[in-house]
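Presented below is the structure to which this report refers.
Values reported hereafter were calculated over all heavy atoms of this structure, with side chains retained and with hydrogens, waters and symmetry mates removed. Lettering of chains follows the sequences in order, A, B, ..., and the numbering in each one begins at 1.
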Number of protein chains: 2
Amino acid sequence: MARTKEQNEKIRETRKEVIRNAALSQFVKQGLFSTRIQDIATEAGIAQGLLYHYYASKDEIFVDLINDALDKTIGASYSVRDMDTDPCEKIRFSLERLVETIENSQTFLDTCRLITQATNSTAIPQAAQDLIQEKRNIPYQVIEKIMEAGQKEGTIIAGDPKMLAIFFWTSINGLAIYYSTNKNREVKLDYRVIAAMFLIESEREDKNHAKDKTVFK
Amino acid sequence: MARTKEQNEKIRETRKEVIRNAALSQFVKQGLFSTRIQDIATEAGIAQGLLYHYYASKDEIFVDLINDALDKTIGASYSVRDMDTDPCEKIRFSLERLVETIENSQTFLDTCRLITQATNSTAIPQAAQDLIQEKRNIPYQVIEKIMEAGQKEGTIIAGDPKMLAIFFWTSINGLAIYYSTNKNREVKLDYRVIAAMFLIESEREDKNHAKDKTVFK
DNA sequence: TGATATATTGAACATATATTCAATATATCA
DNA sequence: TGATATATTGAATATATGTTCAATATATCA
């Protein structure tokens with residue numbers, strides 16, 4: 001016999017991980033189409049042919065990455081939803097964390113870029129389009145619900161909660177896209193500026209809140 | 001003799017315009033690389049070969065479009081700068097117009113998408129990268145100055161004006177990108193939500209102001 | 001109408017690159 | 001150590017598409 005199943009399985013997963021990371025890095029820089037298989041293989045440190053041992057095509061890698069990215073975003077929104085605080089604090093806290101994450105996490109920026117890229121192109125694999133169709137709106141719906149609860153509570157400004165959710169995510173996404181190509185280290189971002197869009201005046205002062213949770217991994 | 005210079009010149013300009021529009025529509029949907037010359041030619045209603053009579057390459061069209069797009073954005077920011085009102089009103093008015101434009105102008109959405117696409121890819125022609133390098137920051141600087149003036153005047157919130165300018169444009173850009181693939185007709189956007197990021201409390205009520213100027217053409 | 005300059009076409013060419021595949025290497029166990 | 005299953009390589013293949021070009025159409029003016 002040769003290697004055990006588990007050993008091969010481990011090699012397989014490691015390789016796939018390396019390939020995914022290499023592909024993500026290339027896709028966000030060059031996009032799906034101008035990224036060549038050779039680019040991914042080189043960055044992953046393997047031969048072109050080996051790539052096909054793990055993924056059937058370039059498209060399949062892309063779909064895998066899109067799925068990951070969407071799940072991460074959804075996971076982040078769920079972790080906000082499930083926080084044990086009032087709606088107002090959920091909004092404030094998540095904005096604080098998201099801005100901090102934009103400043104510090106390359107993975108987050110890559111994730112935003114990849115999703116934006118995919119969302120804005122009709123030239124991506126059908127499977128990727130389906131995933132986006134299916135998952136894209138979940139974070140918007142989660143925030144919408146929180147905004148609604150905050151309005152009932154009297155801590156969130158009036159206005160269509162759908163609209164507030166759109167402003168919430170598009171601000172964050174716009175910022176992430178800007179930051180991914182413009183890491184302006186001289187400017188420190190203050191999340192409270194964004195928070196001012198949603199919180200009524202009396203709720204805007206900074207309060208102490210847990211610093212040990214992370215919204216996005 | 002054949003046609004006069006002017007007649008040929010006119011045909012030339014008309015054709016180039018048609019080609020540019022077709023290319024913009026395709027680039028925005030598919031990106032520079034997955035857009036084929038044939039796609040552009042078909043949308044423009046001409047043969048592939050003719051395209052090369054007017055543009056030397058696909059890249060050259062792209063560079064032309066990027067240049068247009070950047071100039072439009074810069075022009076919009078200058079028209080705000082040159083308004084005959086106080087800084088606070090400039091911010092309020094331009095946000096009102098920009099949001100309105102996002103809801104109504106496909107050209108504006110396309111422009112934002114094209115610039116975002118170009119800014120986020122290293123796989124675009126060098127000439128396009130140079131143009132972006134050269135022009136991208138102008139609108140940010142214009143808004144930064146206005147924010148600064150508004151702070152002196154006491155109508156704009158405190159904080160690094162560079163940061164405020166970043167929030168200003170990234171919010172608008174994020175919104176435009178979202179809207180270009182999600183024309184949510186059931187949601188009416190209220191620019192005052194964004195304005196709340198920048199204007200101090202007492203300046204936030206709606207005031208009457210000219211409705212006949214347009215920020216972006 | 002004929003001469004001429006430019007517009008226009010679409011097939012041919014050149015090239016880039018996704019994918020396949022035959023050959024080789026490697027690791028494990030009997 | 002030898003058998004074997006999988007990993008790995010890189011050259012060969014197939015295909016897609018950007019670009020060129022020879023041929024044709026068209027519009028104007030003398």
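Residue B/Ser34 is classed as having no contact, given no heavy-atom separation below 4.0 Å to the nucleic acid.
Taking the centre and axis of the six-membered ring of B/Tyr140, the NZ or CZ atom of B/Lys162 falls outside the cone set by 45° and 6.0 Å.
For C/dA14, the paired base is D/dT17 (Watson-Crick or G-U wobble, both distances below 3.5 Å). When both distances must be under 3.5 Å, the Watson-Crick or G-U wobble mate of C/dA30 is D/dT1. Both distances falling under 3.5 Å, in either a Watson-Crick or a G-U wobble arrangement, place C/dA7 opposite D/dT24.
Of the listed nucleotides (D/dT8, C/dA18, D/dG18), C/dA18 has the atom at the smallest distance from the side chain of A/Lys58.
Between A/Arg36 and A/Gly49, the residue whose closest nucleotide on DNA chain C is further toward the 5' end is A/Arg36. If B/Tyr54 and A/Phe33 are placed on DNA chain C by their nearest nucleotide, the residue sitting closer to the 5' end is B/Tyr54.
Taking side-chain N and O atoms only, B/Tyr52 has a distance below 4.0 Å to OP1 or OP2 of D/dT19. Dashed line: the shortest gap from a side-chain N or O of A/Arg15 to OP1 or OP2 of D/dT8 is under 4.0 Å. Within the structure, a side-chain polar atom (N or O) of B/His53 is placed less than 4.0 Å from OP1 or OP2 of C/dA7.
The aromatic rings of A/Phe168 and A/Phe198 sit tilted, their planes meeting at an angle between 30° and 60°.
We find that CG of A/Leu51 is positioned 13 Å from C1' of C/dT20, with the value rounded to whole Å. Straight-line distance from the CD1 atom of B/Ile61 to the C1' atom of D/dG18: 11 Å, rounded to whole Å. Taking atom CD of residue A/Gln48 and atom C1' of nucleotide C/dA16, one finds them 12 Å apart after rounding to whole Å. Whole-Å rounding puts the B/Ile37 CD1 to C/dA12 P distance at 20 Å. A straight line from CG of B/Leu50 to C1' of D/dC21 spans 14 Å, rounded to a whole angstrom. Rounded to whole Å, the distance from CG on A/Asp59 to P on C/dA18 is 10 Å. To the nearest angstrom, P of C/dA27 lies 18 Å from CZ of A/Arg12. Between B/Ile46 atom CD1 and C/dG10 atom P the separation is 11 Å, expressed in whole Å.
Using a 4.0 Å cut-off between a side-chain N of Lys or Arg and a carboxylate O of Asp or Glu, B/Lys188 and B/Glu103 qualify as a salt bridge. For A/Arg192 and A/Asp190, the salt-bridge test passes: some basic side-chain N is under 4.0 Å from an acidic carboxylate O.
Here the side chain of A/Lys58 pairs a donor or acceptor atom with the backbone of A/Leu32 at under 3.5 angstrom.
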